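Below is one structure, written out as structure tokens; comments come after it.
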Amino acid sequence: MDVQIAPLRAWDDFFPGSDRFARPDFRDISKWNNRVVSNLLYYQTNYLVVAAMMISVVGFLSPFNMMLGGVVVVLVFTGFVWAAHNKDILRRMKKQYPTAFVMAVLLASYFLISMFGGVMVFVFGITFPLLLMFIHASLRLRNFKNKLENKMEEIGLKKTPMGIVLDALEQQEESLSKFTDYISKVKE
């Protein structure tokens, strides 16, 4: 299936007043995770634009360190995903604790980048945009259109870049397996 770029959502939908934001239920981690995944998929192009603006500013101020930081993060993430596919204990950790997995990638990247002296570039150019995305995705309430778009992604009717990243983190398989189980029960 071809990868499609998600449309840029209206900025008043992306960041309106406080009426569309609410604190997540920290006691129900799966519901909170579902909200984050849904918002990451739905607003992925908006997140990309915001991150690109921040990365551009930091990259303009320190281009070599920004390139180095980006390459290190991509290589470390790829290495962790590869290791998680080959080692069962890492695969379970990635599936059960996706935030811890991403934090491990960021900490390993931080350690490697600190050896080259580009820590502030890492913090402001890479980590801060990721933190803003996570905070927005955690606080933003979902609407009907958001849920519909995400279901299309989950059942495989369309594939987006964020969907590929979330698949690498194994954050969509659970919903998809529930859906396929439901379909098989209906067929019986």
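Computed over heavy atoms, backbone and side chain alike; hydrogens, waters and symmetry mates excluded. Only a predicted model underlies this, so the values are computations on that prediction, with no experimental measurement involved.
- Counting side-chain heavy-atom gaps under 4.5 Å among Ile, Leu, Val, Met, Phe, Trp and Tyr, the cluster of V71 also holds L75.
- Within the structure, no pair that satisfies the side-chain hydrogen bond (donor to acceptor under 3.5 Å, both in side chains) test touches residues 107-131, not counting sequence neighbours.
- In this structure the side chain of S138 never reaches within 4.5 angstrom of the side chain of R35, judged on heavy atoms.
- Once rounded to the nearest 0.5 Å, the distance linking CD1 of I135 with CE of M133 reads 11.5 Å.
- Between N46 atom CG and R140 atom CZ the span is 10.5 Å, to the nearest 0.5 Å.
- Residues forming a ring-ring contact (aromatic ring centres under 6.0 Å, His included) with F14 (at least two apart in sequence, or on another chain): W11, Y43, Y47, H136.
- Nearest heavy-atom pair across T78 and V74 is OG1-O, 2.7 Å.
- In this view, D25 and R27 satisfy the salt bridge (Lys or Arg N to Asp or Glu O under 4.0 Å) rule, not counting sequence neighbours.
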List, one per line, each side-chain donor-acceptor pair under 3.5 Å for residues 49-64, sequence neighbours excluded.
residue	atom	partner	partner atom	Å
S56	OG	A52	O	2.6
S62	OG	N65	ND2	3.3

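- Linking ILVMFWY side-chain heavy atoms closer than 4.5 Å, directly or via other members, places L107 and V81 in two distinct hydrophobic clusters.
- When the side chains of ILVMFWY residues are joined at heavy-atom separations under 4.5 Å, either directly or via intervening members, V105 and W82 end up in two distinct hydrophobic clusters.
- Between L130 and F134, every side-chain heavy-atom pair lies at or beyond the 4.5 Å cut-off.
- Nearest heavy atoms, N39 versus L141: OD1-O, 4.5 Å.
- The line from CD1 of I5 to CG of L48 is 8.0 Å long, rounded to the nearest 0.5 Å.
- Residues passing the ring-ring contact (aromatic ring centres under 6.0 Å, His included) test with F26 are W32, sequence neighbours excluded.
- Residues L41 and L139 are members of one and the same hydrophobic cluster, defined by side-chain heavy-atom contacts under 4.5 angstrom among Ile, Leu, Val, Met, Phe, Trp and Tyr.
- If you chain together hydrophobic residues whose side chains sit under 4.5 Å apart, L112 and M67 never meet in one group.
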